[in-house]
Amino acid sequence: MRSFESFHLTCLDHTVGPVFMNFFLSFRCRNIEECLLSINKGITSLVYRLPFLAGDVIHTTTPDGRMNVMQIEPYSTLIDESHMVSIKHHPHHVLPNTPHQINAEANPPERFASLDESYVPPVPLLPLSPGPRPVFRLQINVLTDGIVLAIGFHHSVFDATGAGRLIEILAECCRDPGSPALASTTELEEEIKLRRLVDNTGMVTAGSYRQHEAQNRKVEMSTGDSDWIPPKLAVYSFHFSAATIAQLQIACNGVLSDIRAQQHDDDRPVDESREPMQEFISTNDIFTALIAIDIYKARSHQIADAQAKTSPEMVMIVNLREKLPSLPSTYLGNAVSVNRAHAHPQDTLPNPAVSVSRQHQHPSICNTALLEITALALQLRQKLASIYDAYVRQYLAHLMRNQDWSHIGTLLPDTMVSSWRHLKVYRLDFGPYLGRFIEFNPQATLVDGICTIQPERAGDVDGESALVGGLRHAAIGCYGVLSSRWAV
């Protein structure tokens with residue numbers, strides 16, 4: 001294993017919770033032994049290319065006096081005891097079920113893989129001192145008809161886009177384990193250089209970053225308590241075909257044109273009270289608005305009898321690689337911020353009211369719901385337009401002014417949506433024995449109200465996407481648009 005010098009994680013790395021996350025890749029294998037050999041060779045090559053994957057995350061004080069700064073160390077006794085790869089056999093399990101694989105006549109002794117704690121690397125959810133805090137670990141789960149590869153990573157080192165890039169590199173290494181040797185030193189140096197660039201950008205940026213006080217509060221999770229137990233959540237999954245996605249996007253953008261027409265008739269000048277109208281809303285905007293509104297409605301209905309207040313606040317995760325030109329799409333570290341909005345219809349619907357024209361109506365979604373989705377998606381799109389290079393630089397400057405980096409964080413709202421549709425993981429080829437994986441699954445959500453838009457599929461399933469989320473009490477899918485089952 002190659003050595004590397006210790007390096008600090010960035011201010012952006014400190015804005016996320018220090019949790020250990022897991023992704024599952026399911027491969028159908030004809031020859032299990034050849035698949036195991038291919039995966040092990042690929043992992044060896046991957047760690048050679050990026051040796052810090054074998055490192056340990058510690059807290060330290062920097063030479064300039066910043067406290068509680070996370071750093072990746074190349075070696076510790078504890079981390080050496082935590083094996084990079086573990087193998088576990090599940091002799092009575094078959095590959096995870098999907099809506100396309102349901103078979104009522106399946107052999108009863110065989111059941112679908114649960115993808116529970118027995119399937120993930122033996123690393124705590126909160127990898128805290130004095131235990132090992134590994135950067136990256138894997139578990140190869142051997143089933144009767146294939147392999148489920150669990151890829152675990154420290155979220156303070158990678159965001160979902162960075163983890164997706166790691167999966168791409170692993171696929172390259174499985175296809176040709178010996179090919180990356182010459183480029184590996186440059187690849188490691190470039191990653192460390194980019195992490196330093198993030199902090200340096202903040203330090204040299206003048207001015208202040210204006211934001212709501214709540215945006216600089218720490219994540220509401222007891223990360224200092226190793227006995228913290230995640231709440232029991234009901235996990236929901238909704239699947240969308242390419243045709244369904246296209247139909248909804250056309251309808252919402254049609255409604256947007258109705259809203260634009262109403263604005264055109266408004267005599268008020270474009271000023272602070274009336275921002276210039278966006279010309280389109282994206283699929284991610286629409287999905288995010290859809291899930292946020294339905295969660296709000298489900299929760300509101302659930303607690304209506306108790307006369308409790310349901311917070312309409314929601315956030316959309318923003319990929320800053322698209323906003324800061326100096327950060328390439330291949331950057332592995334955390335590069336995210338949040339876009340905050342309100343999911344309550346009274347906060348989003350146009351004023352004065354807008355009527356949906358006949359040609360823009362959706363065959364399965366009522367006009368009121370369509371207006372709510374479009375209006376919230378528009379609100380998100382307008383706020384996204386305000387996040388640009390200078391904004392990101394000021395945000396980094398704000399983070400860098402903190403002397404105690406344990407205080408850097410983002411308050412988790414009641415609802416948070418993160419899109420992974422841009423991850424092209426379903427197109428990856430892992431070589432002649434593994435091929436392409438048939439399913440990509442995140443480990444079950446750990447925090448109430450966090451939802452993900454899954455990577456877009458390709459090929460034989462016609463570009464299907466899915467929404468996956470978890471709620472503690474309310475039953476999403478019983479109220480709102482998703483209850484109509486039009487998307488499944």
Side-chain angles (χ1 to χ4, degrees), residues 238-266 270 274-297 314-319 322-323 339-388 415 417-422 451 453-457 462-467 480-488:
F238 299 90
H239 295 261
F240 301 76
S241 69
T244 299
I245 294 169
Q247 186 182 54
L248 180 60
Q249 187 171 27
I250 290 171
C252 287
N253 276 283
V255 174
L256 176 61
S257 68
D258 291 333
I259 297 174
R260 286 171 54 84
Q262 174 71 47
Q263 185 190 57
H264 184 268
D265 294 337
D266 193 339
V270 176
R274 189 165 71 87
E275 298 178 359
M277 185 68 67
Q278 296 295 310
E279 296 183 358
F280 80 101
I281 47 180
S282 71
T283 301
N284 280 345
D285 301 334
I286 294 167
F287 271 173
T288 301
L290 167 65
I291 194 69
I293 289 172
D294 271 28
I295 286 178
Y296 176 75
K297 289 181 177 180
M314 55 81 60
V315 302
M316 176 188 199
I317 299 299
V318 181
N319 184 359
E322 301 170 355
K323 307 295 183 179
N339 183 10
R340 295 181 182 271
H342 278 186
H344 194 290
Q346 293 180 357
D347 297 325
T348 59
L349 288 176
N351 185 20
V354 173
S355 297
V356 178
S357 57
R358 182 177 298 275
Q359 67 268 29
H360 298 148
Q361 293 177 4
H362 192 280
S364 304
I365 302 175
C366 71
N367 289 347
T368 300
L370 196 61
L371 260 173
E372 291 172 356
I373 296 168
T374 303
L376 180 53
L378 174 59
Q379 183 185 148
L380 292 168
R381 174 53 46 181
Q382 288 176 323
K383 291 187 175 184
L384 278 173
S386 69
I387 300 177
Y388 50 90
T415 304
V417 183
S418 179
S419 177
W420 302 343
R421 287 192 85 230
H422 62 288
C451 305
I453 304 173
Q454 294 294 87
E456 187 175 15
R457 294 175 181 267
D462 195 26
E464 181 186 271
S465 290
L467 285 171
V481 171
L482 291 174
S483 65
S484 66
R485 311 298 289 175
W486 64 272
V488 181

Practice item. Any chance you could lay out the side chain to side chain contact (heavy atoms under 4.5 Å, CB included) test for Val315 and Val417, step after step, and finish with the verdict? Key: CA-CA 6 Å; Val315 302; Val417 183; over 6 Å; no
Check your understanding: Should His342 and Tyr296 be marked as a side chain to side chain contact (heavy atoms under 4.5 Å, CB included) after you check the CA-CA gap, both sets of side-chain angles, and the distance that decides it?
Key -> CA-CA 10 Å; His342 278 186; Tyr296 176 75; over 6 Å; no
Exercise for review: May I have the step-by-step check of side chain to side chain contact (heavy atoms under 4.5 Å, CB included) for Thr288 and Ser419, ending in yes or no?
Suggested key: CA-CA 8 Å; Thr288 301; Ser419 177; 5.7 Å; no
Exercise for review: Check step by step if side chain to side chain contact (heavy atoms under 4.5 Å, CB included) holds for Asp258 and Ser355.
Suggested key: CA-CA 7 Å; Asp258 291 333; Ser355 297; over 6 Å; no
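Of all heavy-atom pairs spanning Ala377 and Ala289, the tightest one is N-CB, 3.6 Å. When every heavy atom of Cys451 is checked against every heavy atom of Ile291, the shortest pair comes out as SG-CG1, 3.9 Å. When all heavy atoms are compared, the tightest approach of Gln247 to Pro363 is NE2-CG, 3.3 Å. The two residues Thr374 and Leu256 have their closest heavy-atom pair at CG2-N, 3.8 Å. Across Ala292 and Ala343, no two heavy atoms sit closer than the pair O-CB, 3.8 Å. Closest heavy-atom contact between Asn253 and Phe280: OD1-CA, 3.4 Å.
With sequence neighbours left out, the side-chain hydrogen bond (donor to acceptor under 3.5 Å, both in side chains) criterion links Gln379 to no other residue.
Side-chain contact check for Met314 versus Leu380: some heavy-atom pair is nearer than 4.5 Å. Looking at Lys323 and Val318, their side chains come closer than 4.5 Å, going by heavy atoms from C-beta outward.
Separation of atoms CG (Asn319) and CG (Asn284) is listed at 10.5 Å; rounding is to 0.5 Å. Within the model, atoms CD1 of Ile365 and CD of Glu372 stand 11.0 Å from one another, a figure rounded to the nearest 0.5 Å. Note that the SG atom of Cys252 and the CG atom of Leu370 stand 5.0 Å from one another [nearest 0.5 Å]. Between Ile293 atom CD1 and Thr415 atom OG1 the span is 11.0 Å, to the nearest 0.5 Å. Here the CG-CG distance, from Leu248 to Leu290, works out to 7.0 Å after rounding to the nearest 0.5 Å.
Side-chain contact check for Ser282 and Asp285: at least one donor-acceptor pair (N or O, by modelled atom type) lies under 3.5 Å.
With respect to the salt-bridge test (charged N to carboxylate O, under 4.0 angstrom), the residues Arg381 and Glu279 do not qualify.
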